Amino acid sequence: MTSFTELNIHPSILKALEAEGYTNPTPIQEKAIPLILKHKDILGCAQTGTGKTAAFAIPIIQILSEEKIDPNVKRKLRCLILTPTRELAIQIGESFANYGRNSDLKYRVIYGGVKQHKQVEALRQGVDILIATPGRLLDLVGQKHLSLHTIQFFVLDEADRMLDMGFVHDVKKVIKNLPSKRQSLFFSATMPPDILKLAGSILVNPSKVEVTPVSSTAEKINQAVYMVDKENKNKLLIHILKDPAIERVLVFTRTKHGADKVTKELIRNQIPSLAIHGNKSQNSRQEALKKFKAKTIRVLVATDIAARGIDIDELTHVINYELPNIPESYVHRIGRTGRAGASGITFGFCSADEKEFLRDIEKLIKIKVPVIEEHPFPLLNHHVQKPAPKPQRPPRAERTSSNPGVAKKSSFGKKRSFFKR
Ligand code: AMP
């Protein structure tokens, strides 16, 4: 096994890695670090949990801290890391702070949903490395608080998620603002054609680095599924949480409303928990994460987007309270436990109408997920209940505040109730 020393990493960074408890590089670090140190562009296919943040952060810190800068001149922005969510941005910022603790580089994290004043002030003083979400970055560039023309390193993190979240135009705008002479590192968990096309527009003669395809991550995680009726899922969750071995658990629901409901029920049963999702303010999401990391709460209930990339050491369990309809989401969700080679445990709750999701998941991961037969709330209703037809809501722009279910006008120009379809 290669050691970090063999990767020609500077002793000051080695010391920081030692303090982090890292003994050997992960496969992506072993592959990517030497290439980045040789100034190659990278097309990296890797998801969170593989150690990809350190794979790009370590060589960037090394190269940037070797460059001589004039202490009397304001620092130029030399590295931009673009990432889709605030949580990821903060996490990457923490990683830079950890690995670069013995350097004098200045880094800053910027994201939306909070006032911009402090971010602007920090930028005014000069930073070397900026970790940003696309919207706020473009806002600040538009207001001329920041210019990207001095960038040497551009990292696009979680490119597939970036596109899923509808950031493609923002990403393209950011790229237009970058100098053409730069080193670019592109990371994505999946490489569908639209992602490869985007990568092609950013990278020059890239080296490809691939680790752990999405389906094989699942192999190292201990998985099981409970067949249970929808209305008994809360009771089953509370029953399972009686096991003290479940020290810190991330529970996934499909909707924000679902996350709130489950959290309420847990709290009612004296199980300290908090919800984290897109409707929560940035502060309350950070607060929840902090409490979870500090073990003040035992259960964090999350939706996919909010939990994407969340990095919590020693997360013992992931519970899929609702199975996701996109099988790749299952792999991402369970990948929150079993980070960087550790083994994790995951349970799924499957009701009659989720059986097809389970089949899709098993097809993707090529594993038959064992069913736990013995439990107090076995599935009684095996038939898929067709939900009552939902009133279809018109697009947001067409709703009126007085009558949110009725469009002002249909596309044919007549007033039409959407309850009557
Ligand atoms: P990432 O894929 O960047 O989100 O990293 C996943 C987790 O792996 C984080 O908790 C890192 O602290 C941890 N990690 C990264 N590199 C190493 C390493 N070489 N040895 C042990 N843990 C690591």
Side-chain angles (χ1 to χ4, degrees), residues 1-10 13-34 36-37 42 44-62 81-101 107 109 129 131 155-162 185-190 209-214 216-218 220-221 248 250 289-290 292-295 300 302 306-316 318 331-344:
M1 197 186 267
T2 320
S3 71
F4 277 116
T5 336
E6 287 167 77
L7 298 180
N8 290 325
I9 293 169
H10 195 273
I13 302 177
L14 288 178
K15 218 166 130 196
L17 297 178
E18 209 179 291
E20 283 298 294
Y22 297 1
T23 41
N24 292 97
T26 64
I28 187 144
Q29 292 161 5
E30 198 177 328
K31 289 179 194 165
I33 292 174
I36 300 173
L37 288 176
I42 296 284
C45 187
Q47 57 186 124
T48 41
T50 54
K52 80 171 151 63
T53 314
F56 64 76
I58 292 169
I60 289 176
I61 292 169
Q62 174 140 331
I81 293 141
L82 206 57
T83 191
T85 67
R86 297 174 280 200
E87 283 77 11
L88 273 170
I90 290 169
Q91 234 162 254
I92 295 172
E94 284 169 1
S95 298
F96 269 91
N98 289 335
Y99 312 143
R101 71 179 76 185
Y107 73 91
V109 181
I129 298 167
I131 301 123
V155 183
L156 186 63
D157 187 38
E158 305 250 343
D160 52 353
R161 178 56 45 147
M162 201 81 96
L185 316 174
F186 184 104
F187 291 93
S188 187
T190 53
V209 178
E210 188 175 356
V211 292
T212 345
V214 74
S216 67
T217 323
K220 64 175 195 281
I221 295 167
R248 270 199 289 186
L250 191 55
L289 266 182
K290 220 165 125 201
F292 192 56
K293 285 186 181 182
K295 300 193 180 174
L300 195 62
R308 171 80 181 194
I310 284 178
D311 176 23
I312 301 145
D313 291 336
E314 303 156 42
L315 181 62
T316 55
V318 166
V331 182
H332 288 307
R333 288 179 179 189
I334 68 170
R336 308 276 71 79
T337 178
R339 314 280 282 176
S343 58

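Counting starts at 1 for both ligands and their atoms, following the listed order. Not measured: the values here are computed from a predicted model.
- Only the side chain of Q29 comes within 4.0 Å of ligand 1, counting heavy atoms alone; its backbone N, CA, C and O stay farther away.
- Counting heavy atoms closer than 4.0 Å to ligand 1, residue F187 contributes nothing at all.
- Considering all non-hydrogen atoms of both residues, A32 and A55 come closest at CB-CB, 4.2 Å.
- Backbone and side-chain nitrogen or oxygen atoms of K52 are examined, and one is located within less than 3.5 angstrom of a nitrogen or oxygen of ligand 1.
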side-chain hydrogen bond (donor to acceptor under 3.5 Å, both in side chains) evaluation trace for N24 with S3: CA-CA 5 Å; N24 292 97; S3 71; 5.6 Å; no

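- The minimum heavy-atom distance linking F292 with R248 is given by the pair O-NH1, 3.0 Å.
- Residue Y22 holds the heavy atom nearest to atom 21 (C) of ligand 1 of all those in Y99, F56, Y22.
- Residue pairs that meet the salt bridge (Lys or Arg N to Asp or Glu O under 4.0 Å) test with at least one member in residues 18-27, sequence neighbours left out, are E20-R101.
- Under a 3.5 Å cut-off, the side chain of S188 and the backbone N or O of D160 do form a donor-acceptor pair.
- Considering every non-hydrogen atom in both L7 and I33, the closest pair reads CD1-CD1, 4.1 Å.
- Checked by distance only, ligand 1 and F4 stay at 3.5 Å or farther apart across all their nitrogen or oxygen atoms.
- The proximity of L17 to ligand 1, defined as any non-hydrogen pair under 4.0 Å, does not occur for either the backbone or the side chain.
- In this structure, N24 has a heavy atom closer than 4.0 Å to ligand 1.
- If you number the atoms of ligand 1 from 1 as listed, the ones under 4.0 Å from a heavy atom of T53 come out as 1 (P), 3 (O), 4 (O).
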